[in-house]
There are 2 protein chains.
Amino acid sequence: MSVKTIKNILKNHKLRITDCRIDVMNQFLNSKSALSQSDLEGEFDQYDRVTLYRTLNSFLESGIIHKIPNNQGTATYGLCHDTCEPHNHHHNHIHFKCNNCGQIECFDDREVPMVSIPTGYQIESVNLIVDGTCANCA
Amino acid sequence: MSVKTIKNILKNHKLRITDCRIDVMNQFLNSKSALSQSDLEGEFDQYDRVTLYRTLNSFLESGIIHKIPNNQGTATYGLCHDTCEPHNHHHNHIHFKCNNCGQIECFDDREVPMVSIPTGYQIESVNLIVDGTCANCA
DNA sequence: TATTAATTGCAATCTTGTTGCATAAAGTAT
DNA sequence: ATACTTTATGCAACAAGATTGCAATTAATA
């Protein structure tokens, strides 16, 4: 993915273009799996961890990435599907976590099945977390 | 739920019977929603937080409770369904998190729908996290 | 009741998440 | 290109959560 393309993505989300954002964006685009802040800290020691923290936050708020629920302590983030624009943000995601290599992948192109919830409950978003063994580790 | 019943649950899971475990177990049984460690710390200041931490761990390992994936920092735990015995442990859970009151409920009695995952991936467990407004807050 | 094995409390550490503030850099208008 | 305004960055500092080691205590068992 070219720097120009990345800059356009940032512009489209009304974010200032900075080195850190370009590098992090590039990392997400080149990564098959979801990333945590500590992943980024390991990759980019030229940036302060607070800067990476705020970079992730700005991406989150502008709808470029989404937070993936997990039962470890650390938050992981995945790129949003193309259709996830700030004003057309869909919140249904399928994620796969490999219990062997630990990687988390997003299957944004797959449909989240219908859910049965007791009456009186209003659904805003649905997250499906599948645990198991990924294709690489199987 | 009587103390005797709780003691039996602990015995069935090969856990020693201690005051802390009885109190925590009772709390789970009486709580409609999932609990976090800090919930327990607020409830039981007579126990050290490390003790509560290890109590939760022992319940986790013996399959009495399960960890609920979420995208906040703090882990929350829910009681496992009756069928969740150590050697017959099913891992499919539906959870509802209310964005208003923050409570997390487990719908263990509801079927987790079929999931479509790319070939080569092996599924171990499926967690469904539904966000929205609960019946109380709606 | 004595013995053994597991649990508890305390201290301490580590990681993650988070904020305030001064400095530096990006966008914008001149 | 230059000055100006706004936003981002780095540093320090702190809060909360998770985690371990160890000595003292308690539960299960003989």
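Note that this is a predicted model, so its numbers are computed, not measured.
Side-chain contact of Asp39(B) with Ser36(B): a donor-acceptor pair under 3.5 Å is present, judged by distance alone.
dT9(D) atom P lies 11 Å from atom CD1 of Ile22(A), rounded to whole Å. Taking atom NZ of residue Lys11(A) and atom C1' of nucleotide dG27(C), one finds them 11 Å apart after rounding to whole Å. Atom P of nucleotide dT16(C) and atom CG of Asn57(A) are separated by 16 Å, given to the nearest angstrom. Taking atom CG on Leu40(A) and atom C1' on dT9(D), their separation rounds to 16 Å, with Å as the unit. Counting to the nearest Å, the P atom of dA27(D) and the CZ atom of Arg21(B) are 11 Å from each other. Summarising the geometry, the separation between CG on Asp23(B) and P on dT7(C) is reported as 16 Å, rounded to the nearest angstrom. To the nearest angstrom, P of dA8(D) lies 19 Å from CD of Gln46(A). Atom CG in Asp48(A) sits roughly 13 Å away from atom C1' in dT19(C) (whole-Å rounding).
Between Thr74(B) and Arg16(A), the residue whose closest nucleotide on DNA chain D is further toward the 5' end is Arg16(A). Nearer the 5' end of DNA chain D, as judged by each residue's closest nucleotide, is the contact made by Asp19(A), out of Asp19(A) and Ala75(B).
A donor N or O paired with an acceptor N or O is found under 3.5 Å between the base of dG10(D) and the side-chain atoms of Arg54(A).
Residues Arg16(A) and Arg21(A) have side chains in contact (heavy-atom distance under 4.5 Å, counting atoms from C-beta outward).
Between Phe107(B) and Phe96(B), the ring planes are tilted. Angles from 30° to 60° get that label.
Side-chain proximity of Thr18(A) to the nucleotides dA8(D), dG27(C), dG9(C) is greatest for dA8(D). When each of dC11(D), dT9(D), dG17(C) is scored by its nearest atom to the side-chain atoms of Thr51(A), the top-ranked nucleotide is dT9(D). Distances were taken from every side-chain heavy atom of Tyr53(A) (C-beta onward) to each of dA26(C), dT7(C), dT18(C); the shortest belongs to dT18(C).
Atom CG of residue Asn127(A) and atom CG of residue Asn70(A) lie 11.0 Å apart, to the nearest 0.5 angstrom.
Taking side-chain N and O atoms only, Gln37(A) has no distance below 4.0 Å to OP1 or OP2 of dT16(C). Here Arg49(A) does not reach the OP1 or OP2 of dT16(C): none of its side-chain N or O atoms lies under 4.0 Å away.
Among the heavy atoms of the strands, none lies under 4.0 Å from Glu41(B).
By the neighbour-count criterion of 12 heavy atoms within 6.0 Å, atom NZ of Lys67(B) is densely surrounded, having more than that number from other residues, nucleotides or ligands.
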